[in-house]
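Remember, it's 1-based here, ligands and their atoms both numbered in the order they're listed.
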Amino acid sequence: MALKTTKSEEIFAAAQKLMPGGVSSPVRAFKSVGGQPIVFDKVEGAYIWDVDGNKYIDYVGTWGPAICGHAHPKVIAALQEVLVKGTSFGAPSLQENILAEMVIEAVPSIEMVRFVNSGTEACMSILRLMRAFTKRDKVIKFEGCYHGHGDMFLVKAGSGVATLGLPDSPGVPKSTTSNTLTAPYNDLEAVKALFEENPDQIAGVILEPVVGNSGFIPPDTGFLEGLRILTQENDALLVFDEVMTGFRIAYGGAQAKFGVTPDLTTLGKVIGGGLPVGAYGGRKDIMALVAPAGPMYQAGTLSGNPLAMTAGIKTLELLQKPGTYEKLAGITQKLINGLLAIAKEGGHKVYGGNISAMFGMFFMGEQVRNYDDAKKSDKAKFARFHRGMLEQGIYLAPSQFEAGFTSLAHTEEDIEGTLAAAKEVLSSL
Ligand SMILES: *Cc1c(COP(=O)(O)O)cnc(C)c1O
């Protein structure tokens, strides 16, 4: 089935002359799967419509926020109500208190919270806070974990550069990343070695408690617990970047799901309900350092604006309904188990799984425990799978290295339709 994409192509051709690569964020381009990005016109529930009138079942969910389904009527109605009172105050609002209380109540590590406008901002701020609190400069991150595009986090994976921290992008000075140490995900021994090689110099460890940014990779049993112990033994902070996992794999995030409480946490995506929101928070004694309570400076003109806070509040209210996460898990399991079974029947080597509403499938026969493993997957095959699914009306993230997302709006029928499409595509690959 050939997809009609005339208008998408026209608009994207114009966009490429106006904006680098034609997009406002590189993940939206179809660089690794080929073809051109689809230009959207409308989103609603589990579906998206493009400018040519094609309808797709969506498993990107605007990269995570749309966990209640796109444009949920309750979120839209609440936004319309506050919209007429203005879009930004640049001054305190009641909505900030409400969302802050909800976040503090939900996320075990968070006793106080600061709102920002993106996950990137949250991660940049948390790094400054880690250093301010410990008076140490070095930080450990894991290969294949994404913490936004802050200079200090753009460090290439690989043990040879672990101590040097070679920048991943031009424009990032070596001096900026020289304090960023990297270890393979799920490798406690590597973390231990870094602490031994850098005594009293490491401010803390930051990670995605469940990886979504090199495909879906869950932590090994004992990995998060081991990091908790290692950081405590070395007077260093443990930071969970829950920008993706927060309110997605459980209402209280990965820390609630796995029962491991970090010192600090970053949030984003779901807590903004589709508007630009990020947040960081944690222990009161650490958060007390943040200006104006303390000396660590961090600010934002639009931070905590009433529209964004309202979308967050309404989204979390919807998620609080009993049975939400059971429902998400059920739908997602049906999807991923179906996909894996169909792929295997078709003779394809695949590996995948899910936790609640976050899932992933690699074209690769062995277990994927870290980024190096993920890189061995068959990316060319994924590209053909992606294209085939797109033509069948299924919108997947245009990269093997992205997790997939389901929502409360996805129905059993949507899943069955997706599996039927996958059967057709996988049998022809
Ligand atoms: C998306 C993401 C970020 C960056 O958030 P933005 O809002 O895109 O800046 C940071 N960390 C993780 C784990 C993410 O998934």
Side-chain angles (χ1 to χ4, degrees), residues 23-29 59-67 107 109 114-130 139-155 157 168-169 180 182 185 204-219 224 238-250 253-255 257-258 262 264-282 298 300 302-305 308 311-312 315 355-360 370-371 374 397-399 401-405:
V23 289
S24 297
S25 182
V27 294
R28 297 174 197 175
Y59 293 103
V60 180
T62 187
W63 301 93
I67 193 166
V107 185
S109 68
R114 163 63 56 89
F115 291 113
V116 292
N117 304 293
S118 69
T120 292
E121 254 190 85
C123 292
M124 287 165 72
S125 307
I126 211 91
L127 181 62
R128 188 177 304 143
L129 184 56
M130 289 163 77
V139 65
I140 298 175
K141 78 174 279 289
F142 294 92
E143 296 164 10
C145 279
Y146 182 64
H147 305 295
H149 64 79
D151 279 3
M152 310 71 64
F153 292 122
L154 290 182
V155 176
D168 239 356
S169 162
T180 311
T182 59
Y185 197 78
V205 176
I206 184 167
L207 77 156
E208 293 179 58
V210 175
V211 182
N213 286 294
S214 27
F216 170 77
I217 306 176
L224 301 176
L238 180 62
V239 182
F240 281 6
D241 177 355
E242 299 230 40
V243 169
M244 186 183 287
T245 52
F247 298 96
R248 175 161 287 279
I249 66 169
Q255 50 199 276
K257 176 101 189 162
F258 292 100
L264 295 167
T265 299
T266 53
L267 295 168
K269 299 193 168 115
V270 171
I271 57 155
L275 271 82
V277 182
Y280 63 99
Q298 188 273 309
L302 295 171
S303 295
N305 79 79
T315 300
I355 299 180
S356 180
M358 182 174 166
F359 69 92
N370 57 41
Y371 186 44
S399 166
F401 301 118
E402 300 287 353
F405 302 121

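- Annotation: ligand 1 has protein neighbours Ser118, Gly119, Thr120, Tyr146, His147, Gly148, Glu208, Asn213, Asp241, Val243, Met244, Lys269, each with a heavy atom less than 4.0 angstrom from the ligand.
- Residues forming a side-chain contact (heavy atoms from CB on, under 4.5 Å) with Pro219 (at least two apart in sequence, or on another chain): Tyr185, Asn186, Val210, Phe223, Leu224, Phe258.
- Checked by atom type, the side-chain pair Glu402/Ser399 shows no donor-acceptor distance below 3.5 Å.
- Side chains of Arg114 and Gln298: a donor-acceptor N/O pair is present below 3.5 angstrom, by distance only.
- For Ser356, the side-chain contact (heavy atoms from CB on, under 4.5 Å) partners at least two apart in sequence or on another chain are Ile249, Tyr325, Leu328.
- Here Phe240 pairs with nothing under the ring-ring contact (aromatic ring centres under 6.0 Å, His included) rule; sequence neighbours left out.
- Defined by atom type and a distance below 3.5 Å, a donor-acceptor pair is present between the side-chain atoms of Asn213 and Glu208.
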